[in-house]
J.: 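There's a structure below that I have some questions on.
Remember, it's a predicted structure, so these values are computed and weren't measured experimentally.
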Amino acid sequence: MTKKLKEEYQSGGAKRHVILDKAVQYLKDPRFGMQGDKMRFLMDELGLSQSEYLTCLNDAAGGNYWQ
């Protein structure tokens, strides 16, 4: 049995920012394993797009990389 995100948390949803904010905190926390494992979880399980993942990774690394 697989769980599915509510529609408002999916891509384009009204509360998508909540998932993205939590993804940044998840990426910062070293308890959750290696970076590749975190990337797979966020992209496969939470449905982050590649650009959303890279934006969250940039924010987790201190931001301002793309500026």
J.: CG of Asn58 to CG of Leu27: how many Å apart, nearest 0.5 Å?
T.: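 The CG atom of Leu27 is 11.0 Å from CG of Asn58, to the nearest 0.5 Å.
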J.: What pair of heavy atoms forms the shortest contact from Leu5 to Leu46, and how long is it?
T.: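 Shortest heavy-atom separation between Leu5 and Leu46 comes out as CD1-O, 3.5 Å.
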J.: How long is the span from the OH atom in Tyr26 to the CZ atom in Arg31, to the nearest 0.5 Å?
T.: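 Result: 11.0 Å between the selected atoms.
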J.: What do the steps show when you test Phe32 against Phe41 for ring-ring contact (aromatic ring centres under 6.0 Å, His included), and what is the final call?
T.: CA-CA 10 Å; Phe32 296 116; Phe41 174 77; 8.7 Å; no
J.: Are Val24 and Leu20 connected in the hydrophobic side-chain network, where two residues link if heavy atoms are under 4.5 Å apart?
T.: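 Shared cluster, no.
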J.: Could you check whether any side-chain N or O of Lys28 sits under 3.5 Å from a backbone N or O of Ala23, counting only pairs where one atom can act as donor and the other as acceptor?
T.: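 Absent.
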J.: Return the CD to CG distance between Gln50 and Leu57, rounded to the nearest 0.5 Å.
T.: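 So the CD of Gln50 and the CG of Leu57 are separated by 11.5 Å.
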J.: Does the side chain of Lys38 come within less than 4.5 Å of Gln35's, by heavy atoms?
T.: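 Yes, side chains in contact.
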J.: Within this structure, what is the NZ-SG distance for the pair Lys22 and Cys56, rounded to the nearest 0.5 Å?
T.: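 It is 13.0 Å, given to the nearest 0.5 Å.
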J.: For Arg16 and Leu48, work out which heavy atoms get closest and say how close.
T.: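 Residues Arg16 and Leu48, closest heavy atoms: NH2-CA, 3.5 Å.
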J.: Side chains of Lys6 and Lys15, heavy atoms from C-beta outward: is any pair under 4.5 Å?
T.: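 With C-beta onward as the side chain, the pair stays apart.
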J.: Where is the tightest heavy-atom contact between Ser11 and Glu52, given as atom of each residue plus distance?
T.: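 Minimum heavy-atom contact is OG-OE2, 4.3 Å.
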